[in-house]
Student: 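Dumping the structure here so I can ask a few things about it.
Computed from heavy atoms alone, side chains included, the values below leave out hydrogens, waters and symmetry copies.
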Amino acid sequence: TFSHCKSDIFVPMDFTQRLGGRFPGPTAYRLATARRFAEVANAINERPQDARWSSDYGLTVLHLLCQERHVSSAILLAVDAIVLPAPEMVAQPTAASWTPLHLAIKYSKEGRKEELILKLIHAWPPAVECQLQRGLLSKTPFHLACEANASAEILKAMLEVRPTLSTTPYVKLSDTSSSEYPLFILWEAIDEKGTTDDWSKMEILLRAATHYPLGIQSTTSDNEEEKRSSHFDVLRACCQINPVPREYLQLNIQRYQHRLAWSDNQGWLHLHHAIQSSNEETQSYTEFLLESLLQKFPAAASVPFEINYQQSKLYVLPLHVLITDRRMTWHNGGVRAMVNAYPDALWTPDPRNGLVPFLGSATNAMQSRAHLSTTYELLRKSPDVIESYCLNIKSVSTGW
């Protein structure tokens with residue numbers, strides 16, 4: 001149904017028929033449409049201004065080169081000739097908002113495809129952020145690279161330009177606002193999960209998402225002196241990013257289970273980071289994450305956060321932070337798993353406000369039924385806490 005292009009993004013069938021079988025535009029463009037790529041570089045060198053020419057559909061010479069399945073040396077020479085006088089054309093959108101970088105990632109399958117993509121990124125780095133505006137809303141070249149299971153070098157080159165791409169979703173369906181996150185896109189695209197190369201790709205995204213330099217070696221040693229160093233810990237990063245693919249999380253917990261007792265430079269365990277990354281929108285995943293961590297290392301539930309509060313250093317149990325600060329619930333937020341791992345927390349007041357967990361939850365109960373249910377479940381687990389709590393209040397107020 002289409003003429004010289006490989007996709008339905010561009011030119012309708014009758015486009016060339018209306019022109020008597022001839023393509024419009026300057027010489028370089030006509031050579032590219034005829035796939036005489038070896039002659040394009042010379043044509044651009046003779047008339048550099050033609051690198052910026054575009055058709056009524058927004059097509060440029062660079063678009064035509066980048067949609068080729070097989071990337072030859074002639075195409076690379078032509079691309080060099082274009083980006084030298086007009087590097088900004090790497091981010092030039094068509095009428096359908098596809099840039100040459102989008103096309104190169106989506107359609108280049110053979111030959112020197114990686115060299116082409118890296119050449120485009122280096123020529124005009126801002127192109128990695130260009131978003132599609134029709135159909136697949138807000139999809140960037142980075143999302144396409146994850147879908148295509150691109151090489152670690154390509155992913156790294158993009159994230160060095162804009163690290164936040166690692167956690168930026170695209171809107172999958174405009175009517176339901178369904179979002180897809182890069183970590184999930186890449187994990188789904190990986191065919192043989194668990195290979196060294198694939199693990200390194202996921203790690204690159206995690207490094208960018210947690211603001212680590214992309215080139216520093218991961219923590220592979222079990223040495224006590226290294227566990228608190230600045231080396232990158234993949235499992236800790238999985239706990240800091242909410243959410244990550246569940247299968248990938250489980251594989252990392254199995255692989256690095258011995259590290260769950262390790263604390264970082266601020267004294268936080270992996271569980272502490274998992275709690276800190278939780279939010280009300282991902283309560284189901286938070287419950288899965290906390291249950292997975294506590295199943296392997298339940299003692300973490302008894303290790304308090306060290307918190308600076310009103311110019312004082314206080315030690316607050318994870319259960320208090322989970323309920324009061326993160327507003328998680330019993331049935332869908334990890335509170336139940338935390339209580340089962342360390343029941344003594346039910347009788348321990350929060351040093352910041354003096355409230356035991358069920359009262360801390362009660363402060364949120366007026367806002368939702370889920371928090372009211374959480375308050376009830378906490379009290380049902382420790383009915384005698386009311387008596388002991390009242391006695392404590394009485395002893396403080398009367399001096400008994």
Student: Just by distance, with hydrogens left out, do Ser151 and Glu114 show a side-chain donor and acceptor under 3.5 Å apart?
Tutor: yes
Student: For Arg30 versus Gly25, what's the shortest heavy-atom pair and its separation?
Tutor: NH1-O, 2.5 Å
Student: May I ask you to check whether over 12 heavy atoms, not counting those of Glu281, lie within 6.0 Å of atom CD?
Tutor: no
Student: Taking the side chain as every heavy atom from C-beta outward, state whether Leu290 and Ile275 have any pair of such atoms under 4.5 Å apart.
Tutor: yes
Student: Taking atom types as modelled, find out whether Asn332 and Thr329 have a side-chain donor-acceptor pair closer than 3.5 angstrom.
Tutor: no
Student: Please step through side chain to side chain contact (heavy atoms under 4.5 Å, CB included) for the pair Trp199 and Arg255, ending with a clear verdict.
Tutor: CA-CA 12 Å; Trp199 281 88; Arg255 190 177 189 182; 3.2 Å; yes
Student: Do Trp347 and Leu322 belong together in a cluster built from hydrophobic side chains that touch within less than 4.5 Å?
Tutor: yes
Student: Are the side chain of Thr282 and the backbone N or O of Ser278 linked by a donor-acceptor pair below 3.5 Å?
Tutor: no
Student: Do any N or O atoms from the side chain of Ser108 and from the backbone of Ile105 form a donor-acceptor pair under 3.5 angstrom?
Tutor: no
Student: Is it true that a side-chain atom of Thr99 and a backbone atom of His102 form a donor plus acceptor pair closer than 3.5 Å?
Tutor: yes
Student: If I compare all heavy atoms of Ala28 with all of Ile44, which pair ends up nearest, and what's the gap?
Tutor: CB-CD1, 3.5 Å
Student: Would you say Ile323 and Tyr342 are hydrophobically clustered, going by side-chain heavy atoms of ILVMFWY under 4.5 Å?
Tutor: no
Student: Evaluate side chain to side chain contact (heavy atoms under 4.5 Å, CB included) for Ser54 paired with Leu59, printing each intermediate quantity in order.
Tutor: CA-CA 5 Å; Ser54 63; Leu59 279 170; over 6 Å; no
Student: Rounded to the nearest 0.5 Å, how far does CD1 of Ile82 lie from CG of Asn45?
Tutor: 10.0 Å
Student: Check for me, please, whether Leu214 and Ile154 land in the same ILVMFWY cluster - side-chain distances under 4.5 Å, paths through other members count.
Tutor: yes
Student: Mind checking what makes side-chain hydrogen bond (donor to acceptor under 3.5 Å, both in side chains) contact with His70, not counting sequence neighbours?
Tutor: none
Student: Under the ring pair (Phe, Tyr, Trp, His ring centres under 6.0 Å) rule, collect the residues that match up with Phe184, sequence neighbours excluded.
Tutor: none
Student: Sort out for me which residue in Trp262, Tyr315, Phe305 forms a ring-ring contact (aromatic ring centres under 6.0 Å, His included) with His272.
Tutor: Phe305
Student: Strictly by salt bridge (Lys or Arg N to Asp or Glu O under 4.0 Å), give each pair with a member in residues 345-360 just once, sequence neighbours left out.
Tutor: Asp325-Arg352, Asp350-Arg352
Student: Salt bridge or not for Glu180 and Lys139, using N-O below 4.0 Å?
Tutor: no
Student: Hey, is CZ on Arg112 packed in by over 12 heavy atoms from elsewhere, all under 6.0 Å?
Tutor: yes
Student: Between Ser361 (side chain only) and Pro357 (backbone N and O only), is there a donor and an acceptor less than 3.5 Å apart?
Tutor: no
Student: Please work out whether the ring planes of Tyr107 and Trp98 are parallel, tilted or perpendicular, with thresholds of 30° and 60°.
Tutor: tilted
Student: Assess the side chains of Asp50 and Thr27: does a donor N or O sit below 3.5 Å from an acceptor N or O?
Tutor: no
Student: Side chains of Arg52 and Thr60 only: does a donor on one sit below 3.5 Å from an acceptor on the other?
Tutor: no
Student: Can Phe297 be reached from Leu317 by stepping across I, L, V, M, F, W or Y side chains whose heavy atoms are under 4.5 Å apart?
Tutor: no
Student: Taking the six-membered ring of Trp53, is the NZ or CZ of Arg47 close enough (under 6.0 Å from the centre) and on axis enough (within 45°)?
Tutor: no
Student: Tell me, do Ser373 and His331 make a side-chain contact under 4.5 Å, heavy atoms counted?
Tutor: yes
Student: Report yes or no: do Leu372 and Leu346 belong to one cluster of Ile/Leu/Val/Met/Phe/Trp/Tyr joined by side chain heavy-atom distances under 4.5 Å?
Tutor: no
Student: Does any N or O in the side chain of Thr374 come within less than 3.5 Å of the main-chain N or O of Trp330, such that one atom is a donor and the other an acceptor?
Tutor: yes
Student: Do Pro100 and Leu65 come within less than 4.5 Å of each other through their side chains, counting heavy atoms only?
Tutor: no
Student: Once the angle between the rings of Tyr212 and Phe232 is folded into 0 to 90°, is it parallel (under 30°), tilted (30 to 60°) or perpendicular (over 60°)?
Tutor: perpendicular
Student: For the pair Glu377 and Arg336, find out whether any cationic side-chain nitrogen is under 4.0 Å from an anionic carboxylate oxygen.
Tutor: no
Student: Is the Lys NZ or Arg CZ of Arg246 less than 6.0 Å from the centre of Phe288's six-membered ring, within 45° of the axis?
Tutor: yes
Student: Just to verify, which of Lys113, Lys106, Arg35, Lys109 counts as forming a salt bridge (Lys or Arg N to Asp or Glu O under 4.0 Å) with Glu68?
Tutor: Arg35
Student: Is the number of heavy atoms from other residues, nucleotides or ligands within 6.0 Å of NZ (Lys119) greater than 12?
Tutor: yes
